[in-house]
Amino acid sequence: MLKENLQGLDSFAANVKEALGNAIEQEPASLSLEIPREESHGEFAVACFQMAQAEGTDPPTVAKRLAKEIEIPGVTAEAVGPFLNFKVDSEILAQTVLEGALTSKYGKGEEHAATVLEFSSPNIAKPMHVGHLRSTVIGAALARILMRLGHRVTRINHLGDWGSQFGKLVAAWNNWGNEKSFLESPINHLLELYVRFHEEETDNPDLKDQAKEAFSELETEEDGETRQLWQRFTEASLQEFEQIYNRLGVSFEHIRGESWYENQLESLVEWLDSCGVLEESEGAQIIDLTEQGIDTPCLVKTAHGTTLYATRDLAAARSRWKEFSFDHSLYVVGSEQNLHFRQFKAALSRCGEAWAEKIEHIPFGLIRMAGGKLSTREGKVLLLSEVLDRACELAAETIAEKNPDLPDRESVAEKIGLGAVIFHDLKHQRQKDVVFDWKEVLSFEGDTGPYLQYTHARCCSILRKANSPSISSAEVDSSLLSDSKELMVALGRYPGALREAGRKREPSALAQSLLRIASAGNAFYRDKRVLGCGDENLEYARLAAVTALRNVLADGLHLLGVPAPEEM
RNA sequence: GUCCCCGUAGCUCAGCCGGAUAGAGCAUCGGUUUCCUAAACCGAAGGCCGCACGUUCGAAUCGUGCCGGGGACGCCA
């Protein structure tokens with residue numbers, strides 16, 4: 001990355017590395033600085049044990065020598081025992097942070113890359129439940145983060161609108177479907193049918209055959225009755241999904257279900273065959289992957305001749321490669337599909353497709369209920385809309401209690417409720433399983449979305465009352481902010497957190513950074529009176545700090561998909 | 001049985017490209033409102049970082065094994 005693009009503390013880190021690299025004759029890029037735990041130890045540090053070993057002296061000697069030798073503008077090097085600590089000058093730091101955070105460019109990157117991002121991907125004919133929240137919210141945040149870092153992102157919603165489940169649904173409809181119930185509440189009725197199918201199929205083997213027959217029809221007949229049914233189901237589901245996406249502020253460049261690749265399936269299978277990787281096993285068409293270290297083969301066609309999940313994902317991957325020539329193709333899909341992604345990447349590799357390496361599965365942990373597993377088949381679902389509704393209702397109650405005169409109460413309640421749910425999901429590392437706990441999801445205190453929203457609203461309130469025109473960092477006397485280093489350090493680490501979130505595909509890195517910023521912000525305006533502090537220049541400088549704080553919180557919340565009301 | 005993920009304070013988690021006395025939030029106890037929103041702030045208490053061995057000057061962090069939890073393992077997606 002070009003040095004000019006570094007912002008906040010990153011720019012100081014680059015200078016430190018360069019000076020240190022010169023002093024010890026090493027490539028600056030190969031050096032890594034650590035962030036000291038203790039605030040008094042400065043903003044960056046290096047341990048001198050290895051250098052001492054190389055030189056045959058002891059670490060404190062090396063640290064002392066380097067502390068004397070190294071000169072960095074705006075940074076003091078200090079030896080503390082075997083450590084070399086670097087302290088950034090408060091005034092210069094404040095100036096740098098304000099220059100960045102008062103512009104809209106703060107945290108922008110230059111990682112020009114074409115990135116395809118598949119996420120959300122709910123199944124047609126089933127309501128969205130809490131499990132879909134993770135893929136949706138993680139994917140949407142990741143898309144915005146990567147865009148900020150310079151990626152050209154293509155968001156794809158890979159709807160589960162194909163497969164044998166639709167055979168089951170059609171069979172169920174033909175047996176028990178009710179037009180009136182469908183019109184009243186399409187997805188609920190379809191879910192009832194789906195559940196009933198699974199209840200009855202064990203005692204009624206004929207049902208299974210009907211389902212297989214129906215899916216087969218769907219895949220072969222162009223405009224049969226079965227296809228018309230499928231189309232109705234799809235449209236009805238999509239309408240319901242749109243409501244949730246609107247609420248969550250999620251959008252896609254393409255909503256393409258698995259069916260979108262339907263007419264590419266045949267040529268895909270032919271292509272696989274021409275690559276010489278297809279073989280028959282127990283009547284099915286498979287790709288053997290034992291040489292790739294995977295015991296289970298990739299199933300491409302069933303013994304009945306119908307396609308499978310992997311077939312459609314292979315077709316989709318190839319189609320996307322042709323269409324987007326991506327540098328990265330990311331899939332935000334639950335970790336239970338780890339094997340599937342290993343298989344289908346390995347299958348592409350076997351065909352000699354080097355771009356298979358650009359495919360990256362971004363797994364996340366399951367949501368489980370405290371009382372047991374969620375299961376669509378058994379009808380045990382926790383609807384996403386229900387979770388959102390309850391959060392928003394509670395937010396409305398909280399407003400009624402804490403700020404009853406707030407204008408536009410309903411809309412603010414919606415923002416807070418959604419913010420609580422979304423942030424709760426994004427603050428945890430995505431790989432970890434989550435036990436769904438109402439008490440936690442509906443909490444508005446502590447490390448929560450509403451806490452960040454509240455801090456943001458407080459800033460807005462101060463700025464509103466200041467009634468001052470836009471602040472220019474060039475006119476700020478930053479020496480007056482020397483006493484606000486904690487806040488400036490927290491804000492200064494924001495660009496780095498953003499890059500880490502992108503690199504690790506981990507929105508929680510950004511979420512955690514925002515929590516530290518909010519905490520520093522609350523301490524700031526607790527100790528430092530802004531309006532009417534008695535000094536015009538001081539007030540201006542503090543208003544600049546509050547503006548920077550408000551901007552960064554607003555920006556970070558926006559990237560995560562958490563609304564940021566100006567009052568609450 | 002094989003493979004993958006997780007195991008840090010009573011609870012939920014951060015820290016994990018190894019480094020200086022292991023950090024938050026919730027819950028508990030105590031304090032702060034004539035002062036820019038108390039959805040906040042301050043303080044107290046709370047930890048063989050699952051266990052063992054290994055690598056290293058140094059391990060919560062890396063490796064191996066074990067234990068515990070979750071998941072996956074050909075015609076579902």
Side-chain angles (χ1 to χ4, degrees), chain A residues 32 34-38 41 45-50 52-53 58-59 80-83 85 121 123 160 162-165 168 258 281-286 293-304 306-310 312-313 333-340 342-343 363-366 368 373 377 395 398-399 401-403 406 416 420 424 427-429 431-435 437 439-440 443-455 457-466 508-509 511-512 515-516 518-519 522-523 525-533 542 546 567-568:
Chain A
S32 76
E34 52 189 281
I35 297 172
R37 272 202 293 261
E38 186 74 28
H41 289 152
V46 253
C48 300
F49 298 94
Q50 281 170 2
Q53 227 165 24
D58 58 310
V80 179
F83 293 92
N85 297 332
S121 313
N123 291 326
W162 207 247
S164 57
Q165 53 179 333
K168 294 176 186 176
E258 294 180 65
S281 167
E282 297 168 37
Q285 296 289 314
I286 67 158
I294 303 171
D295 297 336
T296 341
C298 182
L299 277 264
V300 172
K301 269 200 165 182
T302 67
H304 298 267
T306 51
T307 63
L308 286 148
Y309 183 46
R312 297 185 284 276
D313 251 0
V333 178
S335 58
E336 71 275 13
Q337 291 192 32
N338 272 332
L339 177 62
H340 165 72
R342 287 213 301 139
Q343 284 178 322
F364 56 84
L366 273 81
R368 298 202 322 280
K373 286 181 194 168
R377 290 185 182 184
T398 310
I399 291 171
E401 181 191 312
K402 292 182 187 273
N403 198 357
L406 183 73
I416 293 170
H424 176 263
K427 78 171 168 181
H428 303 110
Q429 281 181 30
Q431 286 264 35
K432 300 204 175 179
D433 287 352
V434 178
V435 176
D437 181 350
K439 215 177 98 193
E440 266 183 61
S443 164
F444 299 161
E445 282 167 24
D447 287 350
T448 64
Y451 170 67
L452 297 178
Q453 293 173 317
Y454 174 75
T455 310
R458 289 282 304 268
C459 292
C460 290
S461 171
I462 293 174
L463 296 172
R464 207 164 37 239
K465 287 177 179 160
S508 69
Q512 296 294 335
L515 287 171
R516 283 190 294 272
S519 168
N522 275 298
Y525 55 56
R526 175 199 64 219
D527 297 331
K528 281 117 190 161
R529 178 79 204 176
V530 179
L531 303 175
C533 61
R542 287 183 178 171
V546 172
E567 273 185 272
M568 63 187 270

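For B:A77, the base is not stacked against the aromatic ring of A:H340, per a cut-off of 5.5 Å between centres and 30° between planes.
Between A:K439 and the phosphate of B:C11, there is no side-chain N or O to OP1/OP2 separation shorter than 4.0 Å. OP1 or OP2 of B:A77 sits under 4.0 Å from a side-chain N or O of A:S164. For A:R37, no side-chain nitrogen or oxygen approaches OP1 or OP2 of B:G15 to under 4.0 Å. Considering only side-chain N and O atoms, A:Q429 lies nowhere under 4.0 angstrom from the phosphate OP1 or OP2 of B:C13. Between A:R526 and B:U32 there is no side-chain N or O to OP1 or OP2 distance below 4.0 Å. Taking 4.0 angstrom as the limit, A:Y454 places a side-chain polar atom (N or O) nearer than this to OP1 or OP2 of B:A38. Proximity of A:K301 to the phosphate of B:G74: no side-chain N or O atom is located under 4.0 Å from OP1 or OP2.
Between A:H340 and A:Y309, the ring planes are parallel. Angles under 30° get that label, and only those over 60° would be called perpendicular.
Other residues, nucleotides and ligands contribute over 12 non-hydrogen atoms within 6.0 Å of the CD atom of A:Q431.
Base orientation of B:G74: syn (glycosidic angle within 90° of 0).
Comparing the C1' positions of B:C6 and B:U12 gives an interatomic distance of 15 Å, to the nearest angstrom. Here the separation of B:C42 from B:U61, taken at their P atoms, is 31 Å to the nearest Å. Between the C1' atoms of B:A27 and B:A20, the separation comes to 32 Å (whole Å).
With a cut-off of 3.5 Å on both pairing distances, the Watson-Crick and G-U wobble pairs of RNA chain B assemble into stems of 3 or more at B:1-7 with B:67-73, B:10-13 with B:23-26, B:28-32 with B:40-44, B:50-54 with B:62-66.
In terms of polar N and O atoms assigned as donor or acceptor, the side chain of A:N85 comes within less than 3.5 Å of the base of B:A20 in a complementary pairing. With hydrogens and angles ignored, no donor-acceptor pair closer than 3.5 Å exists between the side chain of A:T296 and the base of B:G74.
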